[in-house]
Trainee: 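Let me give you the structure first, and then I'll get to my questions.
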Amino acid sequence: MKALVYHGPGQRSWDSVDDPTIVDQTDIVVRVETSTICGSDLHILKGDVPETAAGTVLGHEAVGVVVEIGSSVGSVVVGDRVLLSCISSCGRCRYCKQARYGQCLGGGGWIFGHLIDGLQAEYARVPFADNSVFKVPEQLSDEQVLFLADILPTAYEVGVLNGRVAPGDVVAIVGAGPVGLAAILTAQLYTPGKIIAIDLADSRLQRALDFGAHSTINNGREDALAQVLELTDGNGADAALEAVGLPATFELACELIRPGGRVANIGVHGHSATLHLERLWTRDVTITTGLVDTSTIPQLLKLVADGRLDPTVFATHHFALDDTMAAYDVFADADHTDALKVVLSGSDVAVHVDPRLAAPAVA
Ligand code: NAD
Ligand code: ZN
């Protein structure tokens, strides 16, 4: 099969690699129908994620069709269309039992395209299938559910739910990339009074308005703290969601918050940030951190099926899976291409009958 392979910092190629097979009887193999690229893939390519070995197939978000199942898999059958989460869950460890799948101790967590071969490929081995994949309701397209693999649950769980966004709240969201925009979408499930989006890029702030933000602040030109205070009668935000991952943006989120408010950090940080306890200690502020668990995928799937959430707005560019190399170029150059998420589509599944579909399930 073909797959997008990481060959060390700065190097990737669309290679012929061995077809994946069942290794553990809790595995399935899927034919990838639709996949996408994430900012984390770019981090790996920059060399920021040393645990990812050269030779790893990248990608951790996809929809696929089951072509093989291990003997102990009971919840899906060959031919099922499934959403593959960026987080795998062993289902047995203490954290999986609390639905903290991101912290899985049994070999799950973020493994696709990180510690094992990922999903920008024609086929993929999916460990712990019973606990880690979600059948896609028949009426929903791949594109309607694809972004539930990562950015939607990330923004919702680590941002909106950790930040305890409530009706009427002023929600300040620092960073209007795909995750910040997903926070704008999912914060609206709680009818906030006002959503304020903060970013350095005017194109991203325009998107933020399109996604439902009420006000925008370009903190490259404007004093974000002064603006937020002005928009909140001097109080500050009820919830501040950090969706960038820089010391400066975390520190800004902590400044914007009103007494009693919540700062929910979503960004992945590579450097230490300063926590101004000398200012915060009197303010009854809650600060949360988190790695996505994707425990809310069933709830988000229901919202999409009921027409309450439309994730297709993230799909700005479409490519054939064969063109994943070109898709990376476009996604990595978002400043010029204005890309949010690229959709990579495998060969036409409706007419293409895979010979493996006809094969009996592996015993
Ligand atoms: P992105 O890089 O595509 O977007 C970041 C946005 O922040 C951009 O619009 C950029 O213009 C803006 N920005 C950069 N510097 C800024 C500054 N100083 N002030 C204001 N805005 C600034 O990233 P993304 O894909 O949207 O992801 C956002 C963060 O979430 C990243 O750090 C990512 O690694 C993280 N993330 C966390 C989890 C988790 O489980 N916690 C999961 C997925 C992604
Ligand atoms: Zn991701």
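Remember, it's 1-based here, ligands and their atoms both numbered in the order they're listed. Reckoned from all heavy atoms, side chains included, excluding hydrogens, waters and symmetry mates. Keep in mind it's a predicted model, so treat the numbers as computed, not measured.
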Trainee: Is the shortest side-chain heavy-atom distance between Asp338 and Thr316 below 4.5 Å?
Mentor: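 No, their side chains stay 4.5 Å or more apart.
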
Trainee: May I ask you to list the atoms of ligand 1 that are less than 4.0 angstrom from any heavy atom of Leu291?
Mentor: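 Selected atoms, number and element: 40 (O).
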
Trainee: Can you see which heavy atom on Ala62 is nearest to which on Ala149, and at what distance?
Mentor: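 That would be N-CB, 4.2 Å.
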
Trainee: Any N or O of Ile266 that comes nearer than 3.5 Å to an N or O of ligand 1?
Mentor: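 There is such a contact, yes.
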
Trainee: For ligand 1, indicate whether the residue Ser40 contacts it via side chain, backbone, both or neither (heavy-atom separation under 4.0 Å).
Mentor: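 Neither part.
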
Trainee: Where is the tightest heavy-atom contact between Trp14 and Leu321, given as atom of each residue plus distance?
Mentor: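 Looking at all heavy atoms of both residues, the shortest contact is CH2-O, 3.3 Å.
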
Trainee: Same cluster or not: are Trp110 and Leu105 linked, directly or through other Ile, Leu, Val, Met, Phe, Trp or Tyr residues, by side-chain heavy atoms under 4.5 angstrom apart?
Mentor: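 Looking at the clustering, Leu105 is in a separate group from Trp110.
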
Trainee: Run the contact test for Ala248 against ligand 1 with a 4.0 Å cut-off on heavy atoms, strictly below, and give the result.
Mentor: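 The answer is no: ligand 1 sits nowhere under 4.0 Å from a heavy atom of Ala248.
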
Trainee: Is there a polar contact, in the sense of an N or O pair closer than 3.5 Å, between Ala201 and ligand 1?
Mentor: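 The answer is no, given that Ala201 and ligand 1 share no N or O pair closer than 3.5 Å.
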
Trainee: Output yes when the distance from some N or O of ligand 1 to some N or O of Val292 is under 3.5 Å, and no in every other case.
Mentor: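 Min N/O separation from ligand 1 is below 3.5 Å for Val292.
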
Trainee: Looking at Arg12 and Asp329, is any side-chain nitrogen of the basic one under 4.0 Å from a carboxylate oxygen of the acidic one?
Mentor: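 Answer for the salt bridge query: yes.
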
Trainee: Distance under 4.0 Å to a non-hydrogen atom of Gly175: what atoms of ligand 1 satisfy this?
Mentor: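 With Gly175 as reference, the close atoms of ligand 1 come out as 7 (O).
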
Trainee: Please check whether Gly267 reaches ligand 1 - meaning an N/O of the residue sits under 3.5 Å from an N/O of the ligand, judged on distance alone.
Mentor: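 No; every N/O pair is 3.5 Å or more apart.
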
Trainee: Could you name the option among Thr154, Leu340, Asn219 that has the heavy atom nearest to atom 20 (C) of ligand 1?
Mentor: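 Looking at heavy atoms only, Asn219 sits closest to atom 20 (C) of ligand 1.
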
Trainee: I'd like to know if Asp169 and Arg262 make a salt bridge, using a cut-off of under 4.0 Å between side-chain N and carboxylate O.
Mentor: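 The answer is yes: the pair qualifies as a salt bridge.
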
Trainee: Ligand 1 versus Leu246, non-hydrogen atoms closer than 4.0 Å: side chain, backbone, both, neither?
Mentor: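 Within the 4.0 Å criterion, Leu246 contacts ligand 1 through side-chain atoms alone.
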
Trainee: Which of these, Thr294, Leu300, Val63, Val136, sits in a side chain to side chain contact (heavy atoms under 4.5 Å, CB included) with Leu148?
Mentor: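 That would be Leu300; it is the only one of Thr294, Leu300, Val63, Val136 passing the side chain to side chain contact (heavy atoms under 4.5 Å, CB included) with Leu148.
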
Trainee: Checking Glu157 side chain against Asp293 main chain: does a donor-acceptor pair fall under 3.5 Å?
Mentor: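 Yes.
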
Trainee: One residue to check: Val179. Relative to ligand 1, which of side chain, backbone, both or neither has a non-hydrogen atom less than 4.0 Å away?
Mentor: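 Near ligand 1, Val179 shows its backbone as well as its side chain.
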
Trainee: Identify which of Asn265, Asp335, Asp199, Thr294 has a heavy atom lying nearest to atom 6 (C) of ligand 1.
Mentor: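 Minimum heavy-atom distance to atom 6 (C) of ligand 1 goes to Asp199.
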
Trainee: For Ser89, is there any backbone N or O sitting under 3.5 Å from a side-chain donor or acceptor partner on Ser132?
Mentor: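 Indeed, once roles are kept as given, a pair shorter than 3.5 Å links the two residues.
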
Trainee: Could you check whether any side-chain N or O of Glu122 sits under 3.5 Å from a backbone N or O of Lys2, counting only pairs where one atom can act as donor and the other as acceptor?
Mentor: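 Indeed, once roles are kept as given, a pair shorter than 3.5 Å links the two residues.
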
Trainee: Does any N or O atom in Asp150 lie less than 3.5 angstrom from one in ligand 1, N or O only?
Mentor: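 There is no such contact.
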
Trainee: Salt bridge check, Arg258 against Asp233: does any charged N sit closer than 4.0 Å to a carboxylate O?
Mentor: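 So Asp233 does not pair with Arg258 through a salt bridge.
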
Trainee: For Gly39 and ligand 1, answer yes if some heavy atom of the residue is under 4.0 Å from a ligand atom, otherwise no.
Mentor: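 Outside the 4.0 Å threshold, so no.
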
Trainee: Please determine if Val268 has a nitrogen or oxygen closer than 3.5 Å to a nitrogen or oxygen of ligand 1.
Mentor: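 Yes.
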
Trainee: Where does Thr249 meet ligand 1, judged by heavy-atom distances below 4.0 Å: at the side chain, the backbone, both, or neither?
Mentor: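 Answer for Thr249: side chain.
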
Trainee: Determine, considering heavy atoms only, which of Pro153, Gly290, Ala243 sits nearest to atom 5 (C) of ligand 1.
Mentor: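 Shortest heavy-atom distance from atom 5 (C) of ligand 1: Ala243.
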
Trainee: Hey, which atoms in ligand 1 end up nearer than 4.0 Å to a heavy atom of Pro178?
Mentor: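 Those of ligand 1 that fall under 4.0 Å from Pro178 are 3 (O), 24 (P), 25 (O), 26 (O).
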
